[in-house]
Amino acid sequence: MLVFPSKFSQLVRTAMTESSIGSALASVRNNISKIHSDFCKNVGLESKELPCLIAVSKTKPSTMIEDAHANGQRDFGENYVQELIEKANEFNNKDGYGDIRWHFIGKLQRNKVNNLLGAPNLECIQTVESIKLATAINSSCQKKLQPDAKLKVFAQVNSSGEEAKSGCEPSECSELVRHIITQCDCLHFEGLMTIGSFSHDYSAGPNPDFECLVRCRDQLESDLELKKEDIKLSMGMSNDYQQAILAGATTVRVGSTIFGQREVKK
């Protein structure tokens with residue numbers, strides 16, 4: 001029986017982890033490219049910019065983020081305010097990680113907005129579910145951002161109608177987005193986001209939650225005279241990001257397929 005010295009064993013584990021994450025990222029990116037090409041053909045469009053891949057790193061150690069970064073990943077998603085702040089500060093103090101973009105994708109309470117906006121390299125908040133939350137984020141941005149700077153936000157829609165899910169009602173989507181655009185001068189409206197139902201059976205047809213978000217985008221185009229191409233759609237996760245792209249997703253949030261199953265946060 002061979003016994004590895006502890007340092008060598010750690011190097012072996014680290015190399016295996018990086019190789020595994022690198023392979024997973026390559027596979028996801030290849031899938032995104034192929035499916036996006038199929039989507040463009042189906043709807044008769046020229047192939048445009050690929051959907052943005054957000055690697056969901058919640059509960060994952062910093063070493064895994066380092067491995068993903070070494071394999072070209074720059075956009076990372078976090079669900080918990082304190083975890084995003086801690087990781088953002090940690091990587092901000094390391095050389096070579098100034099290009100990381102942090103996306104907040106969890107439920108955000110208004111009393112935690114100030115703390116979240118203090119995180120270095122915060123790229124976007126994807127879970128603006130109400131006018132009150134949008135107003136609170138904008139007020140905090142007025143104090144914390146540089147002049148003329150804007151924070152990217154998505155309006156979150158509860159497309160499945162589940163009480164456990166956050167987001168505005170589809171019928172309230174235009175009102176929320178109108179408020180963001182006209183009343184929140186420190187926010188830049190990026191698009192719409194949904195979590196959707198986890199239990200949809202795709203053998204029965206397309207996901208109605210994805211179709212709902214597409215209808216919300218079309219309604220925004222009509223109500224607010226926005227261009228369709230200026231309204232991004234963030235939908236789809238590890239189990240259904242491919243179907244989401246076929247439905248029109250421009251941003252997908254993939255975690256366990258890249259990093260493995262997440263640990264339950266204590």
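Along the sequence shown, residues carry numbers from 1. The analysis underlying the following values was restricted to heavy atoms, covering all of them including side chains, and did not include hydrogens, waters or symmetry mates.
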Stepwise salt bridge (Lys or Arg N to Asp or Glu O under 4.0 Å) test for Lys58 and Glu83: CA-CA 8 Å; Lys58 62 180 180 182; Glu83 185 174 2; over 6 Å; no
Asn207/Gln243 under side-chain contact (heavy atoms from CB on, under 4.5 Å): CA gap, chis, key distance, verdict: CA-CA 8 Å; Asn207 191 323; Gln243 290 85 357; 6.0 Å; no
Distance-only donor-acceptor check, side chains Thr194 and Ser159, under 3.5 Å: yes
Donor-acceptor side-chain pairing of Asn92 and Tyr97 below 3.5 angstrom: no
For the student: nearest non-hydrogen atoms of Arg29 and Asn71, plus distance: NH1-O, 2.9 Å
Residue that, paired with Val252, satisfies side chain to side chain contact (heavy atoms under 4.5 Å, CB included) out of Leu53, Asp240, Ile54: Leu53
Main-chain N/O of Lys165 paired with Asn158 side-chain donor or acceptor, under 3.5 Å: yes
Shortest non-hydrogen separation from Pro206 to Glu211 and the atoms involved: CB-OE2, 3.6 Å
Distance-only polar pair, side chains of Asn114 and Ser140, donor-acceptor under 3.5 Å: yes
Rounded distance (nearest 0.5 Å) linking atom CG of Asn30 with atom CG of Leu25: 10.5 Å
Any donor-acceptor pair under 3.5 Å from Ser197 side chain to Ser160 backbone: no
Sub-4.5 Å side-chain heavy-atom contact between Asp218 and Lys228: yes
Contact summary for Leu50 and Ser33, nearest pair of heavy atoms: CD2-CA, 3.8 Å
Ion pair check, Lys152 and Glu123, cut-off under 4.0 Å: yes
Cys184 vs Ile137 side-chain heavy atoms within contact, under 4.5 Å: no
Pair Glu78-Ser57, side-chain donor/acceptor within less than 3.5 Å: yes
Side chains of Thr251 and Ser234, donor plus acceptor under 3.5 Å: no
Side-chain H-bond candidate by donor/acceptor type, Glu169 with Ser171, under 3.5 Å: no
Donor-acceptor side-chain pairing of Tyr241 and Asn31 below 3.5 angstrom: yes
Among Arg253, Lys232, Met235, side chain to side chain contact (heavy atoms under 4.5 Å, CB included) partner for Met193: Arg253
Distance in Å, Ile181 CD1 paired with Leu224 CG, rounded so as to fall on 0.5 Å steps: 5.5 Å
For the student: nearest non-hydrogen atoms of Gln219 and Ser174, plus distance: CG-OG, 4.0 Å
Separation of Leu220 CG from Lys227 NZ (nearest 0.5 Å): 15.5 Å
Atom of Ile231, atom of Gly191 and distance for their closest heavy-atom approach: CG2-CA, 4.1 Å
Transitive ILVMFWY side-chain link Leu187 to Leu108, under 4.5 Å: yes
Side chain proximity check, Ile65 to Ile100, heavy atoms < 4.5 angstrom: yes
From Arg215 atom CZ to Phe210 atom CZ, the distance as rounded to the nearest 0.5 Å: 13.0 Å
Same cluster (ILVMFWY, side-chain, under 4.5 Å), Leu233 and Ile105: no
Interatomic spacing from CD1 in Ile85 to CZ in Phe104 - rounded to 0.5 Å: 9.0 Å
pair Val56-Val254: side-chain heavy atoms closer than 4.5 Å: no
Worked verdict on Thr250 versus Ile245 for side-chain contact (heavy atoms from CB on, under 4.5 Å): CA-CA 7 Å; Thr250 61; Ile245 294 171; over 6 Å; no
Enclosure of Glu225 CD (heavy-atom neighbours >12, cutoff 6.0 Å): no
Sole residue of His179, Gln183, Arg110 in side chain to side chain contact (heavy atoms under 4.5 Å, CB included) with Thr135: His179
Check: Leu226 and Phe189 side chains under 4.5 Å, non-hydrogen atoms: yes
Side-chain heavy atoms of Leu116 within contact of Lys112, under 4.5 Å: no
Close side-chain approach of Lys150 and Cys186, heavy atoms under 4.5 Å: no
Enclosure of Glu175 CD (heavy-atom neighbours >12, cutoff 6.0 Å): no
Pairwise distance CD1(Ile35) to SG(Cys40) - rounded to 0.5 angstrom: 12.0 Å
Over 12 foreign heavy atoms within 6.0 Å of CG, Asp148: no
Ring centres under 6.0 angstrom apart (Phe76, His103): no
Side chain Gln73, main chain Asp75, donor-acceptor under 3.5 Å: yes
Residue pair Gln156 / Cys168, side-chain heavy-atom distance below 4.5 Å: no
Flag, side chain of Asp209 to backbone of Ile195, donor-acceptor distance under 3.5 Å: no
More than 12 heavy atoms of other groups within 6.0 Å of Lys34 NZ: no
Polar contact flag, side-chain donor to acceptor under 3.5 angstrom, Ser62-Glu90: yes
Sidechain-backbone polar pair: Ser27 side chain, Ser23 backbone, donor-acceptor under 3.5 Å: no
Criterion side-chain contact (heavy atoms from CB on, under 4.5 Å) on Ile21 and Met64, from CA distance to verdict: CA-CA 8 Å; Ile21 290 175; Met64 287 190 171; 3.8 Å; yes
Over all atoms of both residues, closest heavy-atom pair of Cys173 and Val157: SG-CG2, 4.0 Å
Test side-chain contact (heavy atoms from CB on, under 4.5 Å) applied to Val128 and Phe154, step by step: CA-CA 6 Å; Val128 180; Phe154 282 73; over 6 Å; no
